[in-house]
Amino acid sequence: MNILKNDEAIQQLKNAKRIAVLTGAGVSAESGIPTFRGEEGLWTKLSPHEMASFEAFYNNTAIVSEWYHHRREIIDKSNPNPGHYALKELQDLTEDFSLITQNVDGLHQRAGSTDVIELHGNIMENYCINCNRQFSHEEFDEIYRHNSNHIPHCFCGGLIRPNVVWFGEQLPEESIKKAYQAAIRSEVFLSVGTSAQVAPASDLPRHAKQNGSYLIEINPNQTAISDIVSLRFEGLSGDILPMFVEDLKEILSNNQQTVR
Ligand code: BV8
Ligand code: ZN
């Protein structure tokens, strides 16, 4: 066993049929994608409300569009890391698995995870605020490159925005409903790489715990939920998650031997 020494955790995981995971920017940090609040965070220089809100976009379209274009370029050059792949393995090991992400970079899907619940949308998708026409990453880039003022317009004249949830905007109803259900039904809930500061995503670990889930956190730093978790792994998700999954495989195979 690498890291799972805690008998209670082993007991919980041995029988768990329903596991839910909430991920945040920390899971993508080891892929080279800056987090929001860390030292190199996206929001150390510019506040989220200056950049990630409809008002900011409408009033400073070129600056906000450039910011998203810059982030897409970083993501284009990034790859999933061992933490993403470990979560794909965890999905394959679990009878009823839910991966809920706050990240908009699509790296979970590129690592092979399926049915990912994207609470805050996907930065690679864009749409017209006027006619709702969807633009693929490539289509948008084509328009963006030909707009010297970096104000991307649709063919109908409307502004084109990223398909992400901005502050003050509602989360996609289907996604948040599925996420709440997954949290409440879960027997084990992992909160990985999130400061747990942005609602309503940050409510999910609490709801899981209130409904009897065994709550595990993986984060090098303390967070807004560290005081309520059942088990904390202080470290990088790219290191911890692969070891966690290896230990779980050992637990499950030992369990099968004893059950025979
Ligand atoms: C809504 C998409 C309602 C855009 C994002 C006052 C109090 C409480 C709440 C509010 C309030 N005022 C307003 C609100 C609500 C607001 C909110 O919560 N604000 C916060 C700032 C207080 N929420 C909203 O506005 C949401 N909408 O509530 O609508 C409504 C109802 C009816 C009608 C209309 C509206 C919308 C929120 C979504 C905002 N969009 N992203 C974009 O990306 O540009 S949020 C953005 O920050 C991310 O998507 C992410 O979800 C979020 C949180 O960030 P984290 O993922 O946690 O990242 P962070 O940098 O904070 O932390 C990284 C962590 O990783 C750290 O803990 C670090 O230690 C750790 N780490 C680092 N490296 C590693 C690691 N961990 C593991 N391994 C590593 N290697
Ligand atoms: Zn349009």
Side-chain angles (χ1 to χ4, degrees), residues 22-44 46-57 64-65 67-72 74-75 81-84 86-87 100-106 118-124 126-135 139 143 152-173 175-176 179 190-205 217-226 232-242 244:
L22 172 69
T23 61
V27 168
S28 295
E30 291 158 86
S31 293
I33 298 175
T35 62
F36 292 90
R37 294 171 182 80
E39 297 74 59
E40 296 308 306
L42 288 163
W43 287 339
T44 41
L46 300 156
S47 94
H49 300 277
E50 279 167 347
M51 300 303 275
S53 70
F54 183 78
E55 193 194 353
F57 172 72
V64 174
S65 299
W67 185 56
Y68 280 95
H69 183 69
H70 166 65
R71 287 172 61 189
R72 278 188 209 100
I74 295 172
I75 293 166
N81 64 59
H84 291 105
L87 287 172
I100 307 158
T101 190
Q102 301 173 85
N103 299 337
V104 296
D105 55 36
E118 290 182 311
L119 291 180
H120 295 159
N122 189 313
I123 199 170
M124 294 309 191
N126 293 273
Y127 66 92
C128 169
I129 63 171
N130 184 37
C131 72
N132 214 25
R133 185 189 191 283
Q134 312 288 311
F135 290 85
E139 283 174 322
I143 292 173
H153 281 103
C154 170
F155 308 109
C156 78
L159 284 174
I160 305 172
R161 62 165 285 178
N163 182 27
V164 297
V165 180
W166 277 328
F167 285 99
E169 293 186 327
Q170 275 188 297
L171 277 59
E173 200 167 330
S175 304
I176 191 66
L190 285 100
S191 180
V192 190
T194 179
S195 62
Q197 290 182 51
V198 173
S202 53
D203 301 339
L204 295 170
E217 179 170 58
I218 299 174
N219 198 312
N221 304 305
Q222 291 287 315
T223 73
I225 58 161
S226 294
R232 236 184 85 70
F233 292 108
E234 199 149 302
L236 304 180
S237 49
D239 298 336
I240 303 279
L241 280 169
F244 179 90

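Counting convention: from 1, in listed order, for ligands and their atoms alike. Bear in mind the structure is a predicted one, so any value in this text is a computation, not a measurement.
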Is any side-chain heavy atom of Asn130 closer than 4.5 Å to a side-chain heavy atom of Leu159? no
By number and element, which atoms of ligand 1 are closer than 4.0 Å to a non-hydrogen atom of Trp166? 36 (C)
Atom indices of ligand 1, in the order listed, that fall short of 4.0 Å to a heavy atom of Thr35: 60 (O)
What distance do Ile240 atom CD1 and Leu190 atom CG have between them, rounded to the nearest 0.5 Å? 11.5 Å
Please could you name the atoms of ligand 1 that Tyr68 approaches to less than 4.0 Å, counting only its heavy atoms? 4 (C), 42 (C), 44 (O)
Per atom 69 (O) of ligand 1, closest listed option by heavy atom (Thr223, Asp239, Asn219): Asn219
Going from CZ on Arg161 to OH on Tyr68, what distance comes out if it is rounded to the nearest 0.5 angstrom? 8.0 Å
Would you say Asn219's side chain and Thr194's backbone share a donor-acceptor pair under 3.5 angstrom? yes
Shortest non-hydrogen pair, His120 vs Val104, comes out as O-CG1, 3.2 Å
With sequence neighbours excluded, tell me which residues meet ring pair (Phe, Tyr, Trp, His ring centres under 6.0 Å) with Phe57. Trp166
For ligand 1, is there an atom lying under 4.0 Å from some heavy atom of Met51? no
Any idea which part of Ala199 is under 4.0 Å from ligand 1, heavy-atom wise: side chain, backbone, both or neither? both
Sorted by chain and number, sequence neighbours left out, side chain to side chain donor-acceptor pair (under 3.5 Å) with Glu217 holds for Thr223, Ser226, Arg232
Is a side-chain donor or acceptor of Glu30 paired with a backbone partner of Gly238 at a separation under 3.5 angstrom? yes
Which protein atoms of type N, O or S are found under 2.8 Å from the Zn ion (ligand 2)? Cys128 SG, Cys131 SG, Cys154 SG, Cys156 SG
Phe167 side, atom CZ; Met51 side, atom CE - distance, nearest 0.5 Å: 12.5 Å
Minimum non-hydrogen distance to atom 63 (C) of ligand 1, winning option of Gly193, Gly24, Ser226: Gly193
Counting from 1 in the order shown, the ligand 1 atoms closer than 4.0 Å to a non-hydrogen atom of Glu30 are 78 (N), 79 (C), 80 (N)
One finds that the ligand 1 atoms under 4.0 Å from a non-hydrogen atom of Asn221 are 68 (C), 69 (O)
If you measure every N or O of Ser195 against every N or O of ligand 1, does any of those distances drop under 3.5 Å? yes
Minimum heavy-atom distance Ser28-Asn103, with the two atoms named: OG-ND2, 3.6 Å
Between Trp67 and ligand 1, is there a nitrogen or oxygen pair with a distance under 3.5 Å? no
To which of Asp105, Val192, Val165, Val27 does the heavy atom nearest atom 39 (C) of ligand 1 belong? Val165
With sequence neighbours excluded, residues passing side chain to side chain donor-acceptor pair (under 3.5 Å) with Ser191: none
Just jot down the ligand 1 atoms closer than 4.0 angstrom to any heavy atom of Ala29, in number order. 73 (N)
Compare Ile240, Leu22, Thr194, Ile218 and give the one whose heavy atom is closest to atom 55 (P) of ligand 1. Thr194
Is ligand 1 less than 4.0 angstrom away from at least one heavy atom of Gly168? yes
Would you say Asp105's side chain and Ile123's backbone share a donor-acceptor pair under 3.5 angstrom? no
Under 3.5 Å between any N/O of Leu171 and any N/O of ligand 1: does that happen in this structure? no
Pick whichever of Gln197, His120, Glu234 has a heavy atom sitting closest to atom 20 (C) of ligand 1. Gln197
Evaluating non-hydrogen atoms only, which member of Gln102, Glu169, Gln170 is closest to atom 33 (C) of ligand 1? Gln170
Check whether any heavy atom of Ala201 sits under 4.0 Å from an atom of ligand 1. no
